[in-house]
Amino acid sequence: MLSFDKVQLSYGSFRALDDVTLHAKPGELVVLLGANGAGKSSMFLTASGLHRAASGSIRFGGNTELVGMKPSQIVAQGLVQCPEGRKLFPQMSVLKNLMLGAYVHRSDKVGNRQRLDEVLALFPILAVKQNDPAGSLSGGQQQMVAIGRAMMGRPKVLLLDEPSLGLAPLVVKQVFEVIQRINRAGTTVLLAEQNAFAALKIAHRAYVMERGRIVLEGDCDSLMNNEAVRRAYIGS
Ligand code: ATP
């Protein structure tokens, strides 16, 4: 569904992605673990066409090459990113923030209305707060707006960049339950996280990234029991 093959990315002389090879099969929920600065966001920004890979290939769906494609074309293909830090427009209403995610489908008003109903059913609190400024919501609710906005883009593959950042454990649990529901309803998910314990509990497979390289991959049970992973990301 989505595959990175030997992807390299540099910021000036600094190599942020070094021969990154990774894939997510249709219907999978794959976790990308890594500390601050490992390169997770760089991977997502490269897949979304916001950074240009120096070399390597990123293929989507059948065999579509994403490197060189415009970000709007990539979203229209069905690869949609929910960025780290949510990046909402705080003065705008929840509804307007959600509808921004449907921009590439703006000519399909009926489809967008239907999709909005689905997103509001997924996040009932957003239906209640749809006319409130997004910035007035709690952190967890704002994260739901950010995920809901990405869902308005009708992803086949959803890239979620650290959705648990800054949230209390109970809220993290709620957000991860929604991610699992989205995945079970058919959307392939690639989830970048530092919260390894919560992420490994809901995922099918995982990769570990360090300093721009994939250093480990495997199923969640084996990574959960891996001593180095436990020490670095789980803390026990
Ligand atoms: P974080 O959770 O902190 O965002 P990350 O795993 O997502 O971590 P990246 O944001 O991809 O990591 O950053 C990877 C490396 O690239 C870091 O060393 C970072 O400082 C550097 N970096 C990221 N963006 C830029 C940029 N625009 N210019 C220069 N260096 C950058």
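Heads up: numbering here begins at 1 and tracks the sequence. Order of appearance sets the numbers: ligands from 1, and atoms from 1 within every ligand.
Heavy-atom separations between Ala35 and ligand 1 include at least one value shorter than 4.0 Å. Using a 4.0 Å cutoff on heavy atoms, Gly39 counts as a contact of ligand 1.
Of all atoms in ligand 1, listed by their number and element, those nearer than 4.0 Å to a heavy atom of Asn36 are 1 (P), 2 (O), 3 (O), 8 (O). Atoms of ligand 1 found under 4.0 Å from any heavy atom of Glu84, numbered from 1 in the order shown, are 1 (P), 2 (O), 4 (O). Atoms of ligand 1 found under 4.0 Å from any heavy atom of Lys40, numbered from 1 in the order shown, are 2 (O), 5 (P), 6 (O), 7 (O), 8 (O), 11 (O), 12 (O). Listed by number with element, the atoms of ligand 1 under 4.0 angstrom from any heavy atom of Ala38 are 5 (P), 6 (O), 12 (O). Within ligand 1, the atoms closer than 4.0 Å to a non-hydrogen atom of Gln194 are 2 (O), numbered from 1 in the order shown. Interface atoms of ligand 1 facing Ser42, defined by a heavy-atom separation under 4.0 Å, are 9 (P), 11 (O), 13 (O), 14 (C).
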Could you go step by step and tell me if Arg213 and Asp18 meet the salt bridge (charged side-chain N to carboxylate O under 4.0 Å, His left out) rule?
-> CA-CA 5 Å; Arg213 289 184 149 261; Asp18 194 2; 3.1 Å; yes
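Among all non-hydrogen protein atoms, the one lying nearest atom 10 (O) of ligand 1 is Ser41 CB, 3.6 Å.
For the pair Arg115 and Glu118, the salt-bridge criterion is met [side-chain N within less than 4.0 Å of a carboxylate O]. Look at Asp108 and Arg154 and you find a salt bridge, because one of the NZ, NE, NH1 or NH2 atoms lies within 4.0 Å of a carboxylate O, short of that distance.
Checked by atom type, the side-chain pair Tyr207/Arg205 shows a donor-acceptor distance below 3.5 Å. Inspection of the Glu28 and Thr188 side chains reveals no N or O donor paired with an N or O acceptor under 3.5 Å.
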What pairs of donor and acceptor atoms, side-chain ones from residues 170-182 against any protein atom, are under 3.5 angstrom apart with sequence neighbours left out?
from: Lys173; atom 1: NZ; to: Glu177; atom 2: OE2; distance (Å): 3.4
from: Arg181; atom 1: NH2; to: Leu122; atom 2: O; distance (Å): 3.4

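Chaining together hydrophobic side chains whose heavy atoms lie under 4.5 Å apart places Met92 alongside Phe89, Leu100.
Ranked by closest heavy atom to atom 25 (C) of ligand 1, the top entry among Phe44, Phe14, Tyr11 is Tyr11. Considering only non-hydrogen atoms, atom 2 (O) of ligand 1 lies nearest to Glu162 out of Met209, Glu210, His51, Glu162.
Residue Asp161 has no nitrogen or oxygen atom sitting less than 3.5 Å from a nitrogen or oxygen atom of ligand 1, judged on distance alone. In terms of polar-atom proximity, defined here as any N/O pair under 3.5 Å, Gly37 does make such a contact with ligand 1.
Shown here, atom 23 (C) of ligand 1 is in close reach of the protein: a heavy atom of it lies under 4.0 Å off. Protein non-hydrogen atoms do not reach within 4.0 Å of atom 20 (O) of ligand 1.
The minimum heavy-atom distance between Ser48 and Gln81, with the atom names listed, is OG-NE2, 2.8 Å. The two residues Arg149 and Arg86 come nearest to each other via the heavy atoms NH2-O, 2.7 Å.
The number of heavy-atom neighbours closer than 6.0 Å to CD of Glu65, taken from other residues, nucleotides and ligands shown, is above 12.
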